[in-house]
Amino acid sequence: MISSKEKNKKGRQRIILHIDMDYFFAQIEERENPHFKGKPLIVGADPREGRGRGVVSACNYEARKYGIKSGMAISRSYKLCPHGVFLPVNMQLYKKVSESIFSIVREFSSEIESVALDEAYADLTRRVKNFKEAKQLAEKIKRKIREKERLTCSVGISVNKMMAKIACELAKPDGIRVITSSQIFPVIDDMGVEAVPGIGPKTKEVLAEKLKKKNPRIKDGKLFSKKKLVELFGKRGEEFYEKFRGRDKSPVVTERKAKSVGKEYTFQEDTKKAETIIKVFKKLVSEVYKETKKRKIKGVTVICRYEDFETHTKQTTFEPQTYSKDFLLKKGMNLLLKFLAGSNKKIRLVGFRVMIK
DNA sequence: AAGTTCTTATTAC
DNA sequence: CTAACGGTAATAAGAACTT
């Protein structure tokens, strides 16, 4: 459901809020066990078990002082800080907390879009008159979350989603930041292009090469014509052109339904053993089936990552319909067996995903 | 030639 | 051993296939 565009119907500027919980998983763990506060805390895979496969899901600010960041290999984080507190991911708990937080935010604005367990946008255009009121609303939200869940978060407020997100980043931790129209260029011009949502390492690399600059800034991005960006990045180029100028028309989308649901699993050790792989695969299919029972399924994808990290997928589509677990398993097995027959390499990961109507 | 399906790449949290 | 890289999902592009 689309709630509003760049300018609302009356052509007025939007007021968009972005809220992001501070170091979410790790902060929850600190709350559950205050004894961990002040120590480097890392939530993720077990660094000792097996050979420590997996990554850092979240870490607190103490851990960041050691150079630890989320997404980093857990084994590396362990080398950087062997005396840190390493905790497993308790997703059940984080989901519960997340729901509670969303219901708090919803009390203050109905037009919200969740982008992750710890992150949401709200379109306040119809809820408040100006940035001052928006900021007051943000204070109320923060207070309520602090009182009810004993957690801190940060809030960014601006004229569109991109700028609200950037504002939120600047507000961290535990802050509120407003960026008005006239503040946009002064704030973003000297930021790295990777501050633009949608620009990751690969895109940055291409921009760096074209500009002959190691670390291109957003203002450098403005040197490209729209045509050039489209030539380089296709449809996304159009978006980048706007975003380098602080513009973003994308609406706050309040209702999104999943287009696919999947599960994957990385083995403790790479394996070639069909029996082992199939056993895991069946489990994945079962779990995916449970989550999508009533949904119309239009296809399945099997994912296979080999020991050398090369990753491949195979997919089949069929009439959108509700199917039995056996049917999905049969379709999946057909694809999986092709992988097993088609290579001598050991397998690191298998996955199963269904495409929904 | 067009429309669908399959596969990979990139991004984000 | 001399580096390692989870799980889930969306989107886009291009190749490969059907019709």
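In what follows, chains carry the letters A, B, and so on, assigned in the order in which the sequence lines appear, proteins first and then strands, with residues in each chain numbered from 1. Heavy atoms only: backbone and side chains are in, while hydrogens, waters and symmetry mates are out.
Using a 4.0 Å heavy-atom criterion, one finds that A:Ile74 contacts no nucleic acid atom at all. Backbone-only contact: A:Val261 has heavy atoms under 4.0 Å from sugar-phosphate atoms and none from a base. Using a 4.0 Å heavy-atom distance criterion, A:Thr316 is classed as a sugar-phosphate-only contact. Counting non-hydrogen atoms under 4.0 angstrom, A:Leu117 reaches nothing in the nucleic acid. Using a 4.0 Å heavy-atom cutoff across all strands shown, A:Ser260 reaches sugar-phosphate atoms only and no base atom. Residue-level contact check: A:Lys259 touches the backbone only, with heavy atoms under 4.0 Å from sugar-phosphate atoms and none from bases. Looking at heavy-atom distances under 4.0 Å, A:Ala116 makes contact with sugar-phosphate atoms alone, never a base. Residue A:Thr203 is in sugar-phosphate contact alone, with no base atom involved, counting any heavy-atom pair closer than 4.0 Å across all strands shown. Backbone-only contact: A:Lys165 has heavy atoms under 4.0 Å from sugar-phosphate atoms and none from a base. Across all strands shown, A:Tyr265 has heavy atoms under 4.0 Å from sugar-phosphate atoms exclusively, and none from any base.
Each of A:Lys79 and A:Val55 has a nearest nucleotide on DNA chain C; the 5'-most of these lies closest to A:Lys79. Mapping A:Gly234 and A:Gly71 onto DNA chain C by nearest heavy atom places A:Gly71 closer to the 5' end of the strand.
For the residue pair A:Asp248 and A:Ser250, a side-chain donor N or O sits within less than 3.5 Å of a side-chain acceptor on the partner. A:Gln27 and A:Tyr61 are not linked by any side-chain donor-acceptor pair at a separation below 3.5 angstrom, with hydrogens and angles left out of the test. Counting only N and O atoms by type, the side chains of A:Arg353 and A:Thr313 include no donor and acceptor under 3.5 Å apart.
C:dT11 atom C1' lies 13 Å from atom CE of A:Met355, rounded to whole Å. Atom CZ of A:Phe25 is separated from atom P of C:dT8 by 12 Å (rounded to the nearest Å). Rounded to whole Å, atom P of C:dA13 lies 11 Å from atom CD of A:Glu239. Between A:Asn90 atom CG and C:dG7 atom P the separation is 17 Å, expressed in whole Å. We find that CZ of A:Arg295 is positioned 11 Å from P of C:dA9, with the value rounded to whole Å. Taking atom NZ on A:Lys314 and atom C1' on C:dA16, their separation rounds to 13 Å, with Å as the unit. In this structure, OH of A:Tyr94 is placed 16 Å from P of C:dT8, rounded to the nearest angstrom. Following rounding to the nearest Å, A:Asp46 (CG) and C:dA4 (C1') show an atom-to-atom distance of 16 Å.
Of the C1' atoms belonging to C:dC5 and B:dC13, the separation is 16 Å, rounded to the nearest Å.
Cation-pi check for A:Arg106 over A:Phe102 is not met; the charged atom does not lie both under 6.0 angstrom from the ring centroid and within 45 degrees of its normal. Relative to the ring axis of A:Phe185, A:Lys222 places its NZ or CZ within 45° and under 6.0 Å from the centre.
A close approach under 4.0 Å does occur between a side-chain nitrogen or oxygen of A:Arg348 and OP1 or OP2 of C:dG6.
By the 4.5 Å heavy-atom criterion applied to side chains, A:Tyr66 and A:His83 are counted as neighbours. Under the 4.5 Å side-chain criterion, counting only non-hydrogen atoms from C-beta, A:Arg295 is not in contact with A:Lys357.
Between A:Phe267 and A:Tyr265, the ring planes are perpendicular. Angles over 60° get that label, and only those under 30° would be called parallel.
In the set C:dA10, C:dG6, C:dG7, the nucleotide with an atom closest to the side chain of A:Arg305 is C:dG6. Listed nucleotides C:dA10, C:dC5, C:dA3 differ in distance to A:Ala258; the shortest reach to its side chain belongs to C:dA10. Nearest nucleotide to the side chain of A:Arg353, out of C:dC5, C:dT8, C:dG7: C:dT8.
Note that the first and last nucleotides of DNA chain B, 5' to 3', having any atom under 4.0 angstrom from a heavy atom of chain A are B:dT5 to B:dC13.
Among the candidates A:Val187, A:Val196, A:Asp190, the single residue satisfying the side chain to side chain contact (heavy atoms under 4.5 Å, CB included) test with A:Ile218 is A:Val196.
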